[in-house]
Structures are given as C-alpha cells and as structure tokens.
Amino acid sequence: MRKLPSLVLVVVAACGDGTPAPATDASPPPDVREPDAASPTEDDFTAEELAILATLSPLPAVPADPTNAFADDPKAAALGQMLFFDKSYSGALIVGDDGTNGGLGMVGETGKVACASCHSAGSANLDDQRTIPNHVSLGTNYTPRNAHGLVNSAFYRWGNWGGRFDSQWALPLAVAENANLMRSTRLDIAHMLFRKYRAQYDATFPVPLDPALDPNAADASRFPPSGKPKALATDPDGAFEAMTVEDRAIANRIFVNYGKAIAAYTRTLVSRDAAFDRYVAGDRTAISTSAKRGLHLFLAHCTGCHTGPNLADDEFHALAVPQRGDHVPATDLGRFQDVPGLLASPFNTAGAFSDDTTTGKLDGLVQADAQKGQFRTKSLRGVAQSAPYMHAGQLATLADVVAFYNAGGGDPGTTGIVKDPKLAPLGLTAEQQADLVAFLQTLTGEPVPAMRVTDTSK
C-alpha cells in the first residue's frame, strides 16, 4: 500500500478495456513510502486505489457545448439569469396554495412560477429544497419527479432524470411549455422578451426581435399574444398554426434563443474545491478519519457508476426504487418513456436548431425494453445538501440511500423492470455505512457566487 502523496503524481492511462492503468510515481517525495504492512492507516492506498483517485479530482473546466453558439457568451448568461428568475410569463396554476401543499399561488393565477421556483436560489445545488411537497416538485401542477440540481449540471451529457434532453438548452424549452411546470407558450415568451428584455436580446443575438411583437405595431396581428404548436395530430389548429410559415420560424428561433440564454447562465453555476478535492491534492487533514474509511469503501463499491470528476458515469441504471410518496406516480419507466420524446424533438442536437448537428449523441439511440426503470446516475458532488434523494425524492437522508444500496437496491416485482446487475448486497456494517455517509459529506464544494444566484429580473 502507498500513502497519499502531498502532491498527486499519479499518471493514468486508459487501458483497452476502459480500466485505469496502474499508477506510476515520478520521483515520489520522501513521505511516499511503503508503510508497515502490519499497521496500515486510513491514508494508505494501493496503487490501484491511487489510480482511481486521480480520475475523480479535481473538477475540470466546463465542457464545451458546440450545439449552443452562445453557451459561453457573458451577455447570453446575463439575460439567461434574468429569465431564470422571471415569473411573468408563466401560465395559470392548476394546483393552488391551500395552506398545506406548498402551492405558489391561488388556482388560476398567472405569473407565479419561474425556473427558480423549483430550483431554489437559496439551496446549495439549485434543486428543490421546499419541505412541501418534498417528494416531487410543484409548479403549476404536481410533477412526476423531483427537480434536479443545476449546480455543476453542465458536466452531464444528458439532461433530466431519464435523459429526455441531450443539451442544456433544450430543457428550459420543454419546461416552459409543460402544462405541469410553467404552462407558458413560445409566443408568450417572444412577447415577454420584446416587452422586458428587448435591448438585452438584441445585443446578444444576431437577428433582433421582430418589431411586430410590439402590440401597438400596425402588423402586430402577425404574432398572437399566446400560442404553441398543437401537441397531437388530432388537436385542432390554433393561433400558432394560423401564423405564416415564416413567422412561425421567427417565433421558434426566438424560443430557442431563450433556451440557449438560460443554458449559458446555468453553465456558470459551478462548485469546486470540496474537502475531498483538497484531500486528494495532499491535505490529509481535509477530511475526518471516518470519511477516510468511507473513501476506501467508496473506491471498493461505488466507482462502477460514480466515475470521473463529476462522480457520475452519465449512464442509465435501473435501481428499482419503489414509486412511493405523496403525489409520486404509480409508474415511472424512466429512460424508456423519455427516449421517444427526445428523438422526436425538433430541439434535439441533431435538429435544425442545433449549432452543431455532428455530435452523434443520438446515433443508434432507440427505445428498448432494457431502458425500463432506468434513470441517469446523479453526480455525488454536493450530495449531502441535495435531499430528498432519487428521482421522486423517495429517500429522505443519505443514510437511507446508503442502506438502500447496502441491501442491493429495490425489488422490481412485476413491473417488467430488470434491475441493474451491478446492484448486489454489500454486507456493510452499521459503522461502515456511517463511514460511507461521512465520506459523501466531504463532496460539498464552495458555494456558487451570490451574484450568480440573485434575482436580476426586476
């Protein structure tokens, strides 16, 4: 075994089977030595463990997003931040505040929901930290899942629990028009941008907002005050279909730019320098003795899915978490039910609104029975402050989560879900489970700067 060096000098190369190559030391400092085999300490790591550790920290730069030409434009991020907190374009509430359910207003009221309503600005991860309804999120109506945190979300390859989105910018588009989330329409958003953010929009995007969006314009009838494409072929044509093809294209482009601006903002929500990172960098005092024991357990049992600096493999796994809790739907097939919507979306990365259609993210992707009940691996960064856990908030504490995995996951019963073969009972003692929780608590990074989570929409 080897002690963690004061400076990690581990060189890692990928083997042909994807397994990290054994670590090698280049002129190790004097304190790197083989310890007494009879009395190893929690700071002692095998060469294999050191190799894995070197792949888990530090968190690198946010990956580029070639599908969004405005991904790293400060003007787009500033506009996106205003839109993130703006409630004015949300539609009528289906579920209202009855004093006990956490509703955002009274039934029928409009302008009560913003992105920030379910991604709480006061939370460490910009996830849903409201104690009511707790399990699933509540926008204009109850949603089937708990809102994912947005801090460090730019490191994910897929958006949402079931991978319904293959870019950050496509997600806010669906949220805005979803009847249970914001209940808005793309025409509402186009008019809102003209009314409130015309200068910022025109300074960011190459084509300025059409003057006909002004309700006092002579040709204002070109853009009805509200409307979106009909959802089904059997739906009657509405205000959106009554527009010319050219004006529909204008409205769609404005809508996409709205999403790309919000994505530019969420890319700035990055938290680094967790106690774990400082420990890997050589500060042996950064984490407790219990957490060090938990780290050994983590390396032994958890890195099959929680890999890389974001501690998530960006893959989908069926854990058979029971669908239980207030307003949690009886069935949620996860990836299986989300893939068709992704493939059919005009806003996926292979579509006309993507600024790079050659990423190949959707190549070969089809709906398959094996996807039933699969959900995307969640990053463990900031996990200690992101309760409740799992896709519908079914588990209340980290201790509950560790106990769930220690038992080998859930029981799929007769749901047709095939549990991931990686899940097996771990046989950890109560003390070991507590050590693993202690390690997970070391993954909380520095807070996102306050200026990034302040309402600038007013």
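The shown structure was predicted, so the numbers you read here are calculated from the model rather than taken from an experiment.
At a threshold of 4.5 Å between non-hydrogen side-chain atoms, the residues Met390 and Val401 count as touching. Considering only heavy atoms from C-beta on, Tyr142 comes within 4.5 Å of Pro133 through its side chain. A heavy-atom distance below 4.5 Å is found between the side chains of Gln371 and Leu365. Within the 4.5 Å cutoff, the side chain of Lys260 has heavy atoms near those of the Val256 side chain.
Under a 4.0 Å N-O distance rule, the pair Arg381/Asp277 qualifies as a salt bridge. A salt bridge does not link Asp338 to Arg335: none of the charged side-chain nitrogens sits closer than 4.0 Å to a carboxylate oxygen. A salt bridge links Asp332 with Arg145: the closest approach of a Lys/Arg side-chain nitrogen to an acidic carboxylate oxygen falls below 4.0 angstrom. Looking at Lys378 and Asp127, no side-chain N of the basic residue comes within less than 4.0 Å of a carboxylate O on the acidic one, giving no salt bridge. Salt bridge Asp435/Arg293: present, at least one basic N to carboxylate O contact under 4.0 Å.
Atoms CG and CG, on Asn146 and Leu138 in that order, are 12.0 Å from each other to the nearest 0.5 Å. The CG atom of Leu311 sits 12.0 Å away from atom SG of Cys305, with the distance rounded to the nearest 0.5 Å.
The main-chain N or O of Gly80 is never found under 3.5 Å from a side-chain atom of Gln200 such that the two would form a donor-acceptor pair. Asp235 contributes a side-chain N or O that, together with a main-chain N or O of Ala231, makes up a donor-acceptor pair within less than 3.5 Å.
In this structure, Phe375 and His391 have parallel ring planes: the angle between them is below the 30° cut-off, well short of the 60° mark.
Contact between Cys118 and Arg130 at its shortest, heavy atoms only, is SG-NH2, 3.5 Å.
In this structure, a donor-acceptor pair under 3.5 Å is absent between the side chains of Asn134 and Thr131. Defined by atom type and a distance below 3.5 Å, a donor-acceptor pair is present between the side-chain atoms of Asp188 and Thr185. Side-chain atoms of Tyr389 and Asp400 form no donor-acceptor pair, as typed in the model, at a separation below 3.5 Å. In summary, the side chains of Gln129 and Ser120 do not present any donor paired with an acceptor at a separation below 3.5 Å, with no hydrogens or angles considered.
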Which atom pairs, one a donor and one an acceptor, fall under 3.5 Å between side chains of residues 420-428 and the rest of the protein, sequence neighbours left out?
{"residue": "Asp420", "atom": "OD1", "partner": "Lys422", "partner atom": "N", "Å": "2.8"}
{"residue": "Asp420", "atom": "OD2", "partner": "His317", "partner atom": "ND1", "Å": "2.6"}
{"residue": "Lys422", "atom": "NZ", "partner": "Gly304", "partner atom": "O", "Å": "3.0"}

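For the ring pair (Phe, Tyr, Trp, His ring centres under 6.0 Å) with Tyr265, the lone residue among Phe84, Phe70, Tyr258 that qualifies is Phe84.
The cationic atom of Lys361 (NZ for Lys, CZ for Arg) lies less than 6.0 Å from the six-membered ring centre of Trp158 and within 45° of the ring axis.
When the side-chain hydrogen bond (donor to acceptor under 3.5 Å, both in side chains) test is applied to Asp356, the partners found at least two apart in sequence or on another chain are Thr358.
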